[in-house]
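Reading through the structure tokens given below for one structure.
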Amino acid sequence: MFNSNFVTLKAAMDVALARQEIHSQNIANAETPNYKRKYIEFEEYFRESTMKLTLKRTSERHLPLANKKVVPKIKVQKDTTLTNDKNNVDVDIEMVEMVKNALKYQTLSRLMTSNIDRYNAVVRGVR
């Protein structure tokens with residue numbers, strides 16, 4: 001019933017929410033010795049998956065399509081060190097990234113709301 005925008009927006013909102021948690025963890029551990037900054041990679045995988053060609057099944061005897069679901073990956077930035085205790089979390093950068101991510105989440109939320117409003121207008125027949 002719903003178009004692909006709902007699936008894409010939901011995935012992007014889920015990733016934005018997960019990023020907020022990762023930034024919060026990084027800030028909470030900014031003074032923990034040997035803690036390494038974590039981050040989430042998603043856009044690259046998503047862009048890569050949308051660029052790939054898809055196969056069309058014309059018979060049920062054909063092999064099923066592979067799962068196209070793109071999963072965000074949590075990475076650890078191990079190659080840098082900011083302090084003598086080998087911690088690499090910069091609180092200022094994490095705060096800026098949190099604000100950017102919050103703005104992105106608000107934008108995605110508004111897009112989702114406008115999609116839902118369009119479906120409501122069609123279902124109710126009201127403009």
Side-chain angles (χ1 to χ4, degrees):
M1 175 176 162
F2 297 113
N3 61 18
S4 64
N5 288 342
F6 281 100
V7 176
T8 305
L9 287 172
K10 181 190 178 311
M13 289 175 75
D14 289 345
V15 170
L17 191 61
R19 279 196 174 125
Q20 286 298 90
E21 292 176 16
I22 292 292
H23 290 306
S24 298
Q25 285 178 12
N26 288 340
I27 291 170
N29 290 298
E31 296 185 11
T32 303
N34 297 321
Y35 181 83
K36 297 297 183 186
R37 178 183 178 268
K38 295 178 184 170
Y39 60 99
I40 292 180
E41 286 188 346
F42 175 71
E43 282 81 4
E44 300 81 16
Y45 300 121
F46 184 75
R47 194 175 310 121
E48 188 176 292
S49 73
T50 57
M51 299 290 284
K52 291 180 180 172
L53 296 175
T54 58
L55 298 176
K56 183 177 179 181
R57 288 179 70 188
T58 57
S59 171
E60 291 189 20
R61 292 185 295 171
H62 291 165
L63 293 174
L65 299 174
N67 189 2
K68 287 184 62 177
K69 187 175 181 180
V70 180
V71 179
K73 294 182 181 173
I74 298 175
K75 301 266 182 153
V76 178
Q77 187 175 10
K78 296 178 181 176
D79 56 345
T80 59
T81 300
L82 292 177
T83 59
N84 288 336
D85 61 2
K86 298 183 180 175
N87 187 314
N88 65 353
V89 175
D90 186 342
V91 175
D92 293 334
I93 290 175
E94 295 297 327
M95 294 296 287
V96 168
E97 292 297 323
M98 276 185 87
V99 171
K100 284 172 44 181
N101 194 47
L103 292 172
K104 184 185 289 184
Y105 188 86
Q106 286 179 352
T107 303
L108 293 168
S109 175
R110 287 183 184 163
L111 288 171
M112 182 66 90
T113 301
S114 68
N115 264 345
I116 292 170
D117 287 345
R118 276 188 239 135
Y119 274 93
N120 280 338
V122 170
V123 169
R124 293 182 185 160
V126 180
R127 285 196 128 206

Would L103 end up clustered with M13 when hydrophobic side chains under 4.5 Å apart are linked, directly or stepwise? no
Salt-bridged, R19 to E97, with N to O below 4.0 Å? no
Should the heavy atoms of other residues, nucleotides or ligands under 6.0 Å from CD1 of I74 be counted, would the total exceed 12? no
Report the C-alpha separation of D79 and Q77 in whole Å, then their side-chain angles, then the decisive distance to 0.1 Å, and conclude whether the side chain to side chain contact (heavy atoms under 4.5 Å, CB included) test is met. CA-CA 6 Å; D79 56 345; Q77 187 175 10; 3.4 Å; yes
When rounded to the nearest 0.5 angstrom, what distance separates CG in N87 from CG in N34? 8.5 Å
Salt bridge (charged side-chain N to carboxylate O under 4.0 Å, His left out) filter on E21, not counting sequence neighbours, yields none
Sub-3.5 Å donor-acceptor pair from the side chain of T8 to the main-chain atoms of N5, do we have one? no
Quick one: does I116's side chain get under 4.5 Å of N120's, heavy atoms only? yes
So V122 and R118, do their side chains get closer than 4.5 Å, heavy atoms only? no
Can you tell me how far the CD atom of Q25 sits from the CD atom of Q20, to the nearest 0.5 Å? 12.0 Å
Same cluster or not: Y119 versus L111, using hydrophobic residues (I, L, V, M, F, W, Y) connected whenever any side-chain heavy atoms lie under 4.5 Å apart? yes
Through direct or indirect side-chain contacts below 4.5 angstrom among Ile, Leu, Val, Met, Phe, Trp and Tyr, which residues connect to I93? none
Heavy-atom nearest pair, R37 first then N26, reads CG-ND2, 3.6 Å
Enclosure of N84 CG (heavy-atom neighbours >12, cutoff 6.0 Å): no
Do V76 and V15 belong to the same hydrophobic cluster, where Ile, Leu, Val, Met, Phe, Trp and Tyr are linked whenever their side-chain heavy atoms lie under 4.5 Å apart, directly or via other members? no
Could you tell me whether a side-chain N or O of S109 sits under 3.5 Å from a main-chain N or O of Y105, the two making a donor and an acceptor? no
Approximate separation, where rounding is to 0.5 Å, of T80 OG1 and K36 NZ: 6.0 Å
In one Ile/Leu/Val/Met/Phe/Trp/Tyr side-chain cluster, 4.5 Å: F42, I22: yes
If you draw a 6.0 Å radius around CD in E31, do more than 12 non-hydrogen atoms from other residues or ligands fall strictly inside? no
Does Y35 sit in a hydrophobic cluster with other residues, and if so which ones, taking ILVMFWY side chains as linked at heavy-atom separations under 4.5 Å, directly or through other members? V89
Minimal non-hydrogen separation, I27 against M98, with atom names: CD1-SD, 3.5 Å
Between atom CG of N101 and atom CD of E94, what is the distance when rounded to the nearest 0.5 Å? 11.0 Å
For V91 and A30, which heavy atoms make the closest approach, and how far apart are they? CG2-CB, 3.5 Å
